[in-house]
**Student:** 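Please see the structure below; I have some questions.
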Amino acid sequence: MAIAYLRRFASRIARNASLSSSFGSSITRSSASSSSPSASAKVADRIVKLSAVDPDGNKREVIGLSGQTLLKALTNQGLIDPDSHRLEDIDACSAECEVHIAQEWLEKLPPASYDEKYVLKRNSRARVLNKHSRLGCQVVLSQELQGMVVALPEPKPWDIP
């Protein structure tokens, strides 16, 4: 809508003889450059749509950007409390951003680091690593993860206030 307005405005200026031709052409150029498909396609190309299943079994669509962490995308949707995980640093992680990912999507992710496995084991009651568990703060979204389904586990008894 704004682009159409700028084009009409630029054409009016171009028709008005009292204004200099350089001013009119600069507006035409700037409005033409802002409407180029490459400028608007950059953000659209970065969008990654995921599905998240909460502990009650409700499926919700989550939208993130490639390069962003899964934790950030889930926090933006209100599925993970932002106060529970302030830092996206493995050294400060408390595994409250743990998610479960299906095997087909795990294969598209880089393997979990030693530190990530350690944090997940440390916070598991049985000290056993669930092979589908990953930390949302360590999963970086990419276009290959388009359509991924993640499950949010129930809160651990010691995490419930």
Side-chain angles (χ1 to χ4, degrees), residues 1-9 29-125 128-161:
M1 183 178 207
I3 294 171
Y5 175 77
L6 285 174
R7 285 184 181 158
R8 283 193 305 251
F9 183 67
R29 267 186 265 127
S30 66
S31 65
S33 66
S34 67
S35 66
S36 69
S38 63
S40 62
K42 288 182 181 177
V43 173
D45 290 344
R46 292 186 58 211
I47 292 176
V48 179
K49 291 184 180 179
L50 316 161
S51 295
V53 180
D54 66 17
D56 297 327
N58 302 320
K59 194 173 188 178
R60 293 180 50 186
E61 184 177 87
V62 176
I63 298 175
L65 297 174
S66 56
Q68 187 179 55
T69 63
L70 179 58
L71 170 66
K72 184 72 171 169
L74 293 171
T75 301
N76 289 344
Q77 285 298 123
L79 294 169
I80 291 181
D81 181 21
D83 292 334
S84 69
H85 201 293
R86 290 184 191 90
L87 303 172
E88 294 191 9
D89 182 16
I90 192 73
D91 295 332
C93 189
S94 62
E96 292 184 30
C97 63
E98 178 184 353
V99 295
H100 296 171
I101 301 175
Q103 186 65 38
E104 65 207 49
W105 296 104
L106 279 175
E107 294 167 358
K108 296 181 181 187
L109 294 173
S113 68
Y114 172 82
D115 291 335
E116 182 178 1
K117 289 178 184 177
Y118 175 79
V119 169
L120 287 167
K121 281 183 191 175
R122 182 185 68 203
N123 287 294
S124 169
R125 178 169 256 165
V128 177
L129 181 63
N130 177 341
K131 70 177 186 175
H132 296 283
S133 291
R134 291 297 299 265
L135 295 175
C137 64
Q138 299 301 304
V139 175
V140 178
L141 299 178
S142 66
Q143 288 299 315
E144 294 82 39
L145 302 178
Q146 194 76 252
M148 179 171 70
V149 179
V150 299
L152 300 169
E154 291 184 20
K156 295 174 177 60
W158 53 87
D159 290 337
I160 299 173

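This one's a predicted model, so the numbers in the text were calculated from it and none came from an experiment. Note that these values count all heavy atoms, side chains included, but never hydrogens, waters or copies made by symmetry.
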**Student:** Where the side chain of E116 meets the backbone of L135, is there a donor-acceptor pair that is under 3.5 Å apart?
**Tutor:** yes

**Student:** Just by modelled atom types, is the L65 backbone N or O under 3.5 Å from a matching donor or acceptor in the Q68 side chain?
**Tutor:** yes

**Student:** Between H100 (side chain) and S133 (backbone), is there a donor-acceptor pair under 3.5 Å?
**Tutor:** no

**Student:** Could you tell me the separation between the CD1 atom of I101 and the CD atom of E107, rounded to the nearest 0.5 Å?
**Tutor:** 12.0 Å

**Student:** Do you know which two heavy atoms are closest between E61 and K49, and how far apart they sit?
**Tutor:** OE2-CD, 4.2 Å

**Student:** Can you name the closest pair of heavy atoms from S66 and S142 and give their distance?
**Tutor:** CB-CA, 3.9 Å

**Student:** Would you give the length of the straight line joining atom NZ of K72 to atom CG of L70, rounded to the nearest 0.5 angstrom?
**Tutor:** 13.0 Å

**Student:** Looking only at non-hydrogen atoms, find the nearest pair between L145 and V140 and report the distance.
**Tutor:** CD1-O, 3.7 Å

**Student:** L74 pairs by side chain to side chain contact (heavy atoms under 4.5 Å, CB included) with which of V139, L50, V99?
**Tutor:** V99

**Student:** Determine the minimum heavy-atom distance between P153 and P55, stating which atoms define it.
**Tutor:** O-CG, 3.7 Å

**Student:** Just one of V48, I47, L141, N76 clears the side chain to side chain contact (heavy atoms under 4.5 Å, CB included) bar with I63, so which one?
**Tutor:** I47

**Student:** What do the steps show when you test C137 against T69 for side-chain contact (heavy atoms from CB on, under 4.5 Å), and what is the final call?
**Tutor:** CA-CA 6 Å; C137 64; T69 63; 5.6 Å; no

**Student:** Look up atom CG in D54 and atom CZ in R60, then write down how far apart they are to the nearest 0.5 Å.
**Tutor:** 7.0 Å

**Student:** Where do Q103 and K131 come nearest, in terms of heavy atoms and distance?
**Tutor:** OE1-CE, 4.1 Å

**Student:** If you take all heavy atoms of P110 and R134, which pair is closest and at what distance?
**Tutor:** O-NH1, 3.0 Å

**Student:** For the CD atom of Q146 and the NZ atom of K108, what is their distance to the nearest 0.5 Å?
**Tutor:** 10.5 Å

**Student:** Any sub-3.5 Å donor-acceptor pair from D56's side-chain atoms to N58's backbone N or O?
**Tutor:** no

